[in-house]
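Take a look at the structure below.
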Amino acid sequence: MNRQFKAAALAAAALLFALPAAAQQKPYEPQVGQAGKDVIWVPTPDEVVDRMLRMAQVGPNDLVYDLGAGDGKIAIAAAKKFGARSVGIEYNPDMAKYAQGNVEKAGVTGKARIVNGDIFATDFSQATVVTMYLLPGLNMKLRPTLLAMRPGTRIVSHSFTMEDWEADEISSMDGRRAYFWVVPANVNGGWALETGSEKLELAFEQRFQKIEGTVGLGHTQGGLREPRLRGFNISFALVDNNGVRREYTGRITGGKMEGSYRADNGTEGRWTATKK
């Protein structure tokens, strides 16, 4: 009897120890509303994902970083539907592993991957497109990093803005909104413009992608007309001392601008400008 009792007790103990192990082997399944590092997890609807990637005009030449990747659906869509390379950054290691599993199931392991990391500590500076579904405070915490990215980088946010950095486009879908920005080049300050033998002084005042400007015309300080900045592209017009309107378009690379101009009298040519 004692021997049988001992055998039964050992079997019961083995079963008790086996139960937690079996529970640990249960596949991870994320729950909507589960707590994360800074936000709860709520997946972005498929139609919003599609519009976000279309707003950013994602294509095969893009590298998309999704900040707070969740189940990986944005990174997967960018790769599978738009042909881009993509990386999702997810803080929760279980969620990151789950999302990577979704990448593998979707058959896009050659183009997409999910990494376990902190969006405030992981380098995503090489991205051409950044997507996110974060809270307003996190957007603002990220804003300096986003504005320091290469001019022309495209940013899309589901639901939340960047406060006084106004969006270049807002799309609405069934009560949800997506906001789009293009990171602008820095043109604030004085520039020396040259068109052949002519030299002019330009000055720009900039607030994010919105600019105003003036041009020195001898003793006259003229205003620039229709100044527009989009990423690394700039355009503006001026009326010279002969009453001729000239329209300038160009590209900004660091402390230099260059492009072409066309005047109302039919003249046209190339121009350059150097930051003072």
Side-chain angles (χ1 to χ4, degrees), residues 55-65 84 123-132 139-140 142-157 161-170 179-217 221-240 244-264 267-276:
M55 289 170 82
Q57 296 181 282
V58 171
N61 295 324
D62 282 311
L63 173 57
V64 179
Y65 267 79
D123 180 18
F124 54 89
S125 61
Q126 296 306 304
T128 59
V129 176
V130 176
T131 60
M132 51 197 184
N139 280 10
M140 291 302 292
L142 280 168
R143 193 172 84 170
T145 300
L146 298 172
L147 283 166
M149 295 182 76
R150 286 174 298 184
T153 302
R154 289 150 280 159
I155 315 293
V156 194
S157 171
T161 70
M162 297 277 186
E163 293 189 2
D164 56 340
W165 182 13
E166 295 181 10
D168 293 302
E169 182 194 335
I170 302 172
Y179 299 86
F180 171 75
W181 300 262
V182 178
V183 174
N186 180 11
V187 300
N188 194 60
W191 295 77
L193 181 147
E194 294 188 24
T195 54
S197 60
E198 184 182 45
K199 296 183 179 181
L200 298 172
E201 300 293 322
L202 301 178
F204 291 98
E205 292 185 4
Q206 177 177 3
R207 182 158 184 79
F208 306 114
Q209 74 273 43
K210 296 182 182 297
I211 57 173
E212 297 179 348
T214 59
V215 56
L217 301 168
Q221 198 74 10
L224 297 182
R225 301 186 181 186
E226 297 101 46
R228 187 167 186 264
L229 179 64
R230 183 174 175 82
F232 47 72
N233 294 311
I234 190 168
S235 62
F236 56 89
L238 61 86
V239 175
D240 65 21
V244 176
R245 177 187 168 100
R246 304 182 202 169
E247 296 184 351
Y248 294 78
T249 58
R251 183 184 178 104
I252 306 145
T253 306
K256 187 176 181 179
M257 302 182 196
E258 57 183 340
S260 60
Y261 74 91
R262 179 186 293 271
D264 284 349
T267 62
E268 56 185 54
R270 302 290 299 174
W271 65 277
T272 62
T274 305
K275 189 78 182 288
K276 298 173 66 177

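Everything numeric in this text was worked out from a predicted model, so none of it was measured. Because only heavy atoms are used, hydrogens play no part in the values below, and waters and symmetry mates are left out as well, while side chains stay in.
- Residues Trp165 and Gln209 have side chains that bring a donor and an acceptor to within less than 3.5 angstrom of each other.
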Worked check of side chain to side chain contact (heavy atoms under 4.5 Å, CB included) between Glu166 and Trp181: CA-CA 8 Å; Glu166 295 181 10; Trp181 300 262; 5.7 Å; no
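- A heavy-atom distance below 4.5 Å is found between the side chains of Phe204 and Leu224.
- For Arg245 and Glu226, the salt-bridge test passes: some basic side-chain N is under 4.0 Å from an acidic carboxylate O.
- For Arg262, the CZ atom counts as loosely surrounded, since its 6.0 Å shell holds 12 or fewer non-hydrogen atoms of other residues, nucleotides or ligands.
- Between the CG atom in Leu238 and the CG atom in Leu200 there is a gap of 7.0 Å [rounded to 0.5 Å].
- The number of heavy atoms from other shown groups lying within 6.0 Å of CD (Gln57) does not exceed 12.
- Looking at Thr145 and Arg143, their side chains never come closer than 4.5 Å, going by heavy atoms from C-beta outward.
- For Arg230, the side chain to side chain contact (heavy atoms under 4.5 Å, CB included) partners two or more places apart in sequence, or in a different chain, are Asp168, Phe180, Val182, Arg228.
- A heavy-atom distance below 4.5 Å is not found between the side chains of Glu212 and Phe236.
- For Arg225 and Glu247, the salt-bridge test fails: no basic side-chain N is under 4.0 Å from an acidic carboxylate O.
- Here the closest non-hydrogen pair linking Ser125 and Asp123 is OG-OD1, 2.7 Å.
- Ion pair Glu201/Lys276 flagged as a salt bridge, since at least one NZ, NE, NH1 or NH2 atom sits closer than 4.0 Å to an Asp/Glu carboxylate oxygen.
- Thr272 and Glu194 share no side-chain donor-acceptor pair at under 3.5 Å.
- Summarising the local packing, CD of Glu169 is surrounded by more than 12 heavy atoms from other residues, nucleotides or ligands at distances under 6.0 Å.
- For the residue pair Val156 and Met55, the shortest heavy atom distance occurs at CG1-SD, 4.4 Å.
- Taking the side chain as every heavy atom from C-beta outward, Glu198 and Leu193 never approach each other to under 4.5 Å.
- The minimum heavy-atom distance between Val58 and Ala84, with the atom names listed, is CG1-CB, 3.6 Å.
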Under the criterion side chain to side chain contact (heavy atoms under 4.5 Å, CB included), I'd like the reasoning laid out for Glu258 against Ile252: C-alpha separation, chi angles, the key distance, then a yes or no. CA-CA 7 Å; Glu258 57 183 340; Ile252 306 145; over 6 Å; no
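- Contact annotation: the side chain of Ser157 approaches that of Asn139 to within less than 4.5 Å [non-hydrogen atoms, C-beta and beyond].
- Between Tyr248 and Thr195 there is a side-chain heavy-atom pair separated by less than 4.5 Å.
- Heavy atoms only, all atoms of each residue included: Pro151 and Pro184 are closest at CB-C, 4.2 Å.
- For Phe208 against Gln206, the heavy-atom pair with the smallest separation is O-NE2, 2.8 Å.
- At a threshold of 4.5 Å between non-hydrogen side-chain atoms, the residues Leu229 and Val187 count as touching.
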Go through the steps for Gln126 and Leu63 under the test side chain to side chain contact (heavy atoms under 4.5 Å, CB included), then give the verdict. CA-CA 8 Å; Gln126 296 306 304; Leu63 173 57; 4.2 Å; yes
Applying side chain to side chain contact (heavy atoms under 4.5 Å, CB included), run through Thr153 and Thr128 and close with a yes or a no. CA-CA 5 Å; Thr153 302; Thr128 59; 5.8 Å; no
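- Salt bridge status for Asp164 with Lys210: absent, with no side-chain N to carboxylate O gap under 4.0 Å.
- What you find for Asn188 and Glu205 is that their closest heavy atoms are OD1-CA, 3.3 Å.
- Taking CZ of Phe232 as the reference point, atom CZ of Arg251 lies at 4.0 Å (rounded to 0.5 Å).
- Thr274 meets the side chain to side chain contact (heavy atoms under 4.5 Å, CB included) test with no other residue; sequence neighbours excluded.
- We find that Asp62 and Arg154 are joined by a salt bridge, their nearest charged nitrogen and carboxylate oxygen being less than 4.0 Å apart.
- Here the side chains of Leu142 and Phe124 are in contact, with some heavy-atom distance below 4.5 Å.
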